[in-house]
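Reading through the C-alpha cells given below for one structure.
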Amino acid sequence: MGNRESAYHGIRERIEAAGADRPGGSGEVKLVAVSKRQPIEAIRALADLGQRDFGENYLQEAIDKQPELTDLPLTWHFIGPIQSNKTRAIAAQFDWVHSVDRAKIARRLGEQRDPAMEPLNVLIQVNVDGEQSKSGAEPADVPGIVAACAEYPTLRLRGLMCIPRPGNVAAFGQLAALNASLAEPLPDLSMGMSGDFEAAIAAGATIVRVGTALFGARDS
Ligand SMILES: *Cc1c(COP(=O)(O)O)cnc(C)c1O
C-alpha cells in the first residue's frame, strides 16, 4: 500500500471506531476530504480509493479545479468564508455549503440556486469560541438564519458547523447542545479536523473535515 492509501484507510478506520464508541452506537460519519491547496492529481488519487466528498475553501481555486474532475462522481462542499458577491458561483458549483453565517447569505444562495438542481445542502457556521474567532454566526442569531433557510425550497438545511480554535474540544459539545436547544434540532453537525476529529465524533459529529491527515501538508 502506498502512503496515501494507508493514510486514507487509517483515517477511515479511526472515524469508524470513534463512531462505534460513542453512546447510542455509531450512526454514519461522513468524511469530507479538504482538498484546498492540493493539486488535481491528489484529489484524483483519493477518488480512486473511493473518496467522494471533497471540501474547498477558496472559490476561485475550486472553480479552476472542478472542470478537470468532471469525469468523477464527486460531491463538492464549500467550507470557506463567503463574501456576498460569491454566492452565485457557490450556488452553481457546490452540493453543500458549510459556512453560511448570515441570513443575507442564506437568502442569496436560496434565490440563486437553480430550482432545476437538487437543493443546496446548507450548514450554519457558528462561532462557539466567543471572541476567539472571527467567523461564524453568534449562537443567538442561529434561529433567524434557520428561518431564512426555510423560506427557500432550493435550500436543504442540514445542520450546524464550527471551527473552534485548536485544542478547544469543549466547543464540540457546545455546538451539539446548541443544536439540541433549537425548536427543531437538525440532523448534521460538521465538526472536527485532522487534529481533533475523534473528539468531535465523540461529541456527536456526523461530518468531519479532514485535510492534512489525508493529503499531507498543503502547498503554500
Ligand atoms: C483547512 C480546513 C479543514 C481541514 O484542516 P486540517 O487541519 O488540514 O485537517 C477543515 N475545515 C476547514 C473549514 C478548513 O478551512
Side-chain angles (χ1 to χ4, degrees), residues 3-4 6-16 18-19 29-39 42-43 45-47 49 51-66 74-83 86-87 90 93-102 105 109 120-129 132-137 145 158-169 171-172 174-176 188-220:
N3 282 345
R4 187 177 280 131
S6 56
Y8 181 62
H9 292 302
I11 295 292
R12 281 266 176 218
E13 277 162 26
R14 285 170 58 193
I15 289 171
E16 210 168 299
V29 178
K30 187 193 294 289
L31 169 61
V32 174
V34 177
S35 49
K36 65 183 176 204
R37 301 271 183 267
Q38 297 294 345
I43 297 174
L46 215 55
L49 298 174
Q51 179 62 24
R52 290 292 170 261
D53 290 275
F54 289 88
E56 290 281 342
N57 288 60
Y58 308 105
L59 181 63
Q60 191 56 51
E61 179 188 340
I63 284 176
D64 289 343
K65 292 194 299 198
Q66 285 168 334
L74 304 184
T75 298
W76 290 101
H77 299 247
F78 190 79
I79 63 172
I82 304 177
Q83 295 161 274
K86 301 291 164 58
T87 52
I90 292 170
Q93 298 299 129
F94 287 83
D95 305 292
W96 289 71
V97 181
H98 294 227
S99 41
V100 172
D101 62 356
R102 284 165 284 161
I105 296 294
L109 290 169
L120 181 64
N121 296 290
V122 168
L123 295 126
I124 299 168
Q125 183 179 344
V126 185
N127 178 3
V128 279
D129 270 330
Q132 294 281 348
S133 61
K134 54 266 154 240
S135 50
I145 305 172
R158 302 301 289 249
L160 305 180
M161 177 269 217
C162 68
I163 317 175
R165 65 180 187 277
N168 183 16
V169 294
F172 300 140
Q174 288 163 14
L175 193 72
D188 284 307
L189 293 174
S190 167
M191 53 189 195
M193 319 202 307
S194 291
D196 54 18
F197 66 85
E198 283 150 321
I201 291 169
T206 61
I207 304 174
V208 294
R209 310 175 311 268
V210 179
T212 45
L214 285 172
F215 288 107
R218 287 180 271 275
D219 294 351
S220 49

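Counting starts at 1 for both ligands and their atoms, in listed order.
The closest donor-acceptor contact from the side chain of Asp188 to the backbone of Thr206 lies at 3.5 Å or more, if one exists at all.
Across Val34, Val32, Ile79, Leu46, a single residue satisfies side-chain contact (heavy atoms from CB on, under 4.5 Å) together with Phe54, and that is Leu46. Tested against Glu56 for a side-chain hydrogen bond (donor to acceptor under 3.5 Å, both in side chains), the candidates Lys65, Gln66, Gln93 yield a single pass: Lys65. Of the options Ile105, Ile63, Leu109, a side-chain contact (heavy atoms from CB on, under 4.5 Å) to Ile90 is made by Leu109 and by none of the others.
For ligand 1, the atoms lying closer than 4.0 Å to a non-hydrogen atom of Val210 are 9 (O). Proximity to Asn57 (heavy-atom distance under 4.0 Å) selects the following atoms of ligand 1: 14 (C), 15 (O).
One finds the NE2 atom of His77 at 10.0 Å from the OG atom of Ser35 (value rounded to the nearest 0.5 Å).
The single protein non-hydrogen atom nearest to atom 3 (C) of ligand 1 is Met193 SD, 3.6 Å, given as residue, atom name and distance. Among protein heavy atoms, the minimum distance from atom 11 (N) of ligand 1 is reached at Arg209 NE, 2.9 Å. Of the protein's non-hydrogen atoms, the one nearest atom 2 (C) of ligand 1 is Lys36 NZ, 2.6 Å. Protein heavy atom in closest approach to atom 9 (O) of ligand 1: Ser194 OG, 2.5 Å. Considering only non-hydrogen protein atoms, atom 13 (C) of ligand 1 sits nearest to Ile163 CD1, 3.4 Å. Among all non-hydrogen protein atoms, the one lying nearest atom 12 (C) of ligand 1 is Ile79 CD1, 3.6 Å.
Val208 has its side chain out of reach of Ile11: every pair of non-hydrogen atoms, C-beta onward, lies at least 4.5 Å apart.
Between Gly211 and ligand 1, a contact under 3.5 Å exists for at least one N or O pair.
The pair Glu198-Arg14 meets the salt-bridge criterion, since a charged nitrogen lies less than 4.0 angstrom from a carboxylate oxygen.
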